[in-house]
Enquirer: 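Here it is, the structure in full.
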Amino acid sequence: MPLEGFIFDLAEWAVTGVLAVVAGLLWKQMQEYRRRGLEEERRRDEEHAALRRGMQMQLRAQLVEMHHQWVAERGYMPVETKRLFHDMFCAYEALGENGIISSLYEDVKKAHVAPGPDGDEDDDD
C-alpha cells in the first residue's frame with residue numbers, strides 16, 4: 001500500500017471520527033435545549049394556573065362581599081354596583097369557575113335597585 005493511499009485513508013477515518021463526535025455533541029446539545037424548553041413551558045403553565053386561581057379567589061371574595069353588603073344586608077343594590085357585579089361575575093365565569101357564585105348572581109339580578117336621590121328606583125336591568 002503506497003504511503004499516499006494510507007494518508008488519505010487515515011484522513012478519511014479522522015474526518016469521519018471528528019464528524020461523528022461533532023454530530024453527537026450537537027445531538028446532545030439539542031436534547032438539552034429541548035428539555036430546558038419543556039421545563040420552562042411547564043413552569044410557565046404552573047405560574048399561569050396559580051395566577052388564574054388567585055384571580056378567581058379574589059373575584060369570588062369580592063362578589064361574596066358585595067352580595068353580603070348589599071343584597072343580604074340591605075335588600076337592594078345601586079345600579080352601578082349591579083353593573084360592576086355583573087362585569088366581575090362574567091370575568092369570574094370566564095376563568096372557568098361557577099357554582100355558588102351563580103346563585104349569588106341570580107339574587108343580585110332579582111334585587112331591587114337602590115332608590116335614587118329623588119326616591120325613584122333607577123332599574124335598567
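These numbers come from a predicted model, not from an experiment.
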Enquirer: CZ of Arg43: more than 12 outside heavy atoms within 6.0 angstrom?
Expert: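 Yes, CZ of Arg43 has more than 12 neighbouring heavy atoms, counting only those of other groups under 6.0 Å.
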Enquirer: CD of Gln56 to OH of Tyr92: how many Å apart, nearest 0.5 Å?
Expert: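 Reported value, rounded in 0.5 Å steps: 6.5 Å.
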Enquirer: List, by chain and number, the other hydrophobic cluster members for Met57, where Ile, Leu, Val, Met, Phe, Trp and Tyr join if side-chain heavy atoms come within less than 4.5 Å, directly or indirectly.
Expert: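 Met57 clusters with nothing; isolated.
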Enquirer: Assess the residue pair Arg36 and Glu39 against the criterion (salt bridge (charged side-chain N to carboxylate O under 4.0 Å, His left out)); give the C-alpha distance rounded to whole Å, side-chain angles, the decisive distance to 0.1 Å, and a yes or no.
Expert: CA-CA 5 Å; Arg36 285 183 188 168; Glu39 286 177 3; over 6 Å; no
Enquirer: Could you tell me whether a side-chain N or O of Lys82 sits under 3.5 Å from a main-chain N or O of Ala111, the two making a donor and an acceptor?
Expert: yes
Enquirer: Short question: side chain of Arg52, backbone of Leu95 - any donor-acceptor pair under 3.5 Å?
Expert: yes
Enquirer: State which residues pass side chain to side chain donor-acceptor pair (under 3.5 Å) with Arg74; sequence neighbours excluded, sorted by chain then number.
Expert: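 Here no residue qualifies.
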Enquirer: Could Glu46 and Arg42 be called an ion pair, given the rule that one side-chain N must be under 4.0 Å from one carboxylate O?
Expert: yes
Enquirer: What distance do His67 atom NE2 and Asp107 atom CG have between them, rounded to the nearest 0.5 Å?
Expert: 3.5 Å
Enquirer: Atom CG in Asp87, atom CZ in Arg83: separation rounded to 0.5 Å?
Expert: 9.5 Å
Enquirer: Please round to the nearest 0.5 Å and tell me the distance separating atom CD of Glu65 and atom CG of Leu104.
Expert: 11.5 Å
Enquirer: Please confirm whether the ring centroid of His86 lies under 6.0 Å from the ring centroid of Tyr105.
Expert: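 Between His86 and Tyr105, the centre distance is under 6.0 Å.
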Enquirer: Which pair of non-hydrogen atoms, one from Arg53 and one from Arg60, has the smallest distance, and what is that distance?
Expert: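 Shortest heavy-atom contact: NH1-NH2, 3.6 Å.
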Enquirer: Which ring-ring contact (aromatic ring centres under 6.0 Å, His included) pairs, counting each pair once, include a residue from residues 14-51, with sequence neighbours left out?
Expert: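 Every candidate ring-ring contact (aromatic ring centres under 6.0 Å, His included) pair involving residues 14-51 fails, so no pair, neighbours aside, qualifies.
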Enquirer: Could you measure the distance from the CZ atom of Phe89 to the NZ atom of Lys109? Nearest 0.5 Å is fine.
Expert: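 One finds 8.0 Å between CZ of Phe89 and NZ of Lys109.
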Enquirer: Through direct or indirect side-chain contacts below 4.5 angstrom among Ile, Leu, Val, Met, Phe, Trp and Tyr, which residues connect to Leu51?
Expert: none
Enquirer: Please enumerate all residues that pass salt bridge (charged side-chain N to carboxylate O under 4.0 Å, His left out) together with Glu73, with sequence neighbours excluded.
Expert: none
Enquirer: In residues 12-24, what donor-acceptor pairs under 3.5 Å come from side-chain atoms, sequence neighbours left out?
Expert:
unit_1, atom_1, unit_2, atom_2, d
Thr16, OG1, Glu12, O, 2.8

Enquirer: Drop me the distance from Met88's CE to Gln58's CD, to the nearest 0.5 angstrom.
Expert: 9.0 Å
Enquirer: Assess whether atom CD of Glu4 is packed by more than 12 heavy atoms of other residues, nucleotides or ligands within 6.0 Å.
Expert: no
Enquirer: Is the closest basic N to carboxylate O distance between Arg35 and Glu32 below 4.0 Å?
Expert: yes
Enquirer: Less than 4.5 Å apart, any side-chain heavy atom of Met30 and any of Leu26?
Expert: no
Enquirer: For the residue pair Ile101 and Val64, establish whether any side-chain heavy-atom pair is separated by less than 4.5 Å.
Expert: yes
